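Just so it is clear, the structure is predicted and the values come from calculations on it, not from any experiment.
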Amino acid sequence: MPIKNAKFVLVRRAPSQENVYIPTEQAKKEAFREVNGELVTGHQDQDPYIGTTDDNGNVIFDKVKIEDPDPNNTYDYYAVEIQAPEHYSLSPIQQLKSKWEYLLK
């Protein structure tokens with residue numbers, strides 16, 4: 001059953017072969033921010049961009065700006081849940097299930 005209104009931030013990290021745990025407060029610090037209509041890293045003076053799940057339980061982070069000019073760099077991207085919907089709670093220890101690897105070309 002899809003869960004609506006869960007809130008997530010997007011975090012970029014160096015690739016890892018291990019299970020990655022990112023605490024909620026750390027995720028908020030590292031999260032992408034929306035600047036000029038694009039999602040970018042940095043800009044910690046602004047609030048993190050928060051995506052909310054839709055009726056089907058999906059969250060979309062579009063317009064992510066890829067700023068690394070080195071085509072050999074790879075990153076893992078994590079959608080970290082920072083707020084559970086009403087009548088739900090966050091797990092005390094979140095094992096991240098959403099991981100995307102992106103190779104810049």
Which donor-acceptor pairs under 3.5 Å do the side chains of residues 49-64 make with protein atoms, sequence neighbours left out?
{"from": "Thr52", "atom 1": "OG1", "to": "Lys7", "atom 2": "NZ", "distance (Å)": "3.3"}
{"from": "Thr53", "atom 1": "OG1", "to": "Ile3", "atom 2": "O", "distance (Å)": "2.9"}
{"from": "Thr53", "atom 1": "OG1", "to": "Asn5", "atom 2": "N", "distance (Å)": "2.8"}
{"from": "Thr53", "atom 1": "OG1", "to": "Ala6", "atom 2": "N", "distance (Å)": "2.8"}
{"from": "Asp54", "atom 1": "OD1", "to": "Asn56", "atom 2": "N", "distance (Å)": "2.8"}
{"from": "Asp54", "atom 1": "OD1", "to": "Gly57", "atom 2": "N", "distance (Å)": "3.1"}
{"from": "Asp54", "atom 1": "OD1", "to": "Asn58", "atom 2": "N", "distance (Å)": "2.9"}
{"from": "Asp55", "atom 1": "OD1", "to": "Lys4", "atom 2": "NZ", "distance (Å)": "2.9"}

Return a table of donor-acceptor pairs under 3.5 angstrom between the side chains of residues 29-42 and protein atoms on other chains or two or more places apart.
{"from": "Glu30", "atom 1": "OE1", "to": "Arg13", "atom 2": "NE", "distance (Å)": "2.8"}
{"from": "Glu30", "atom 1": "OE1", "to": "Arg13", "atom 2": "NH2", "distance (Å)": "3.3"}
{"from": "Glu30", "atom 1": "OE2", "to": "Arg13", "atom 2": "NH2", "distance (Å)": "2.8"}
{"from": "Glu30", "atom 1": "OE2", "to": "Gln26", "atom 2": "NE2", "distance (Å)": "2.7"}
{"from": "Arg33", "atom 1": "NE", "to": "His43", "atom 2": "O", "distance (Å)": "3.4"}
{"from": "Arg33", "atom 1": "NE", "to": "Gln46", "atom 2": "O", "distance (Å)": "2.9"}
{"from": "Arg33", "atom 1": "NH1", "to": "Lys28", "atom 2": "O", "distance (Å)": "3.0"}
{"from": "Arg33", "atom 1": "NH1", "to": "Ala31", "atom 2": "O", "distance (Å)": "2.7"}
{"from": "Arg33", "atom 1": "NH2", "to": "Lys28", "atom 2": "O", "distance (Å)": "3.4"}
{"from": "Arg33", "atom 1": "NH2", "to": "Gln46", "atom 2": "O", "distance (Å)": "3.3"}
{"from": "Thr41", "atom 1": "OG1", "to": "Glu67", "atom 2": "OE2", "distance (Å)": "3.4"}

Looking at Ala27 and Val80, what are the two nearest heavy atoms and their distance? CB-CG1, 3.7 Å

Of all heavy-atom pairs linking Ala14 and Asp76, the shortest is O-OD2, 4.0 Å

On a heavy-atom basis, which atom in Leu10 and which in Ala79 lie closest, and how many Å separate them? CD1-N, 4.4 Å

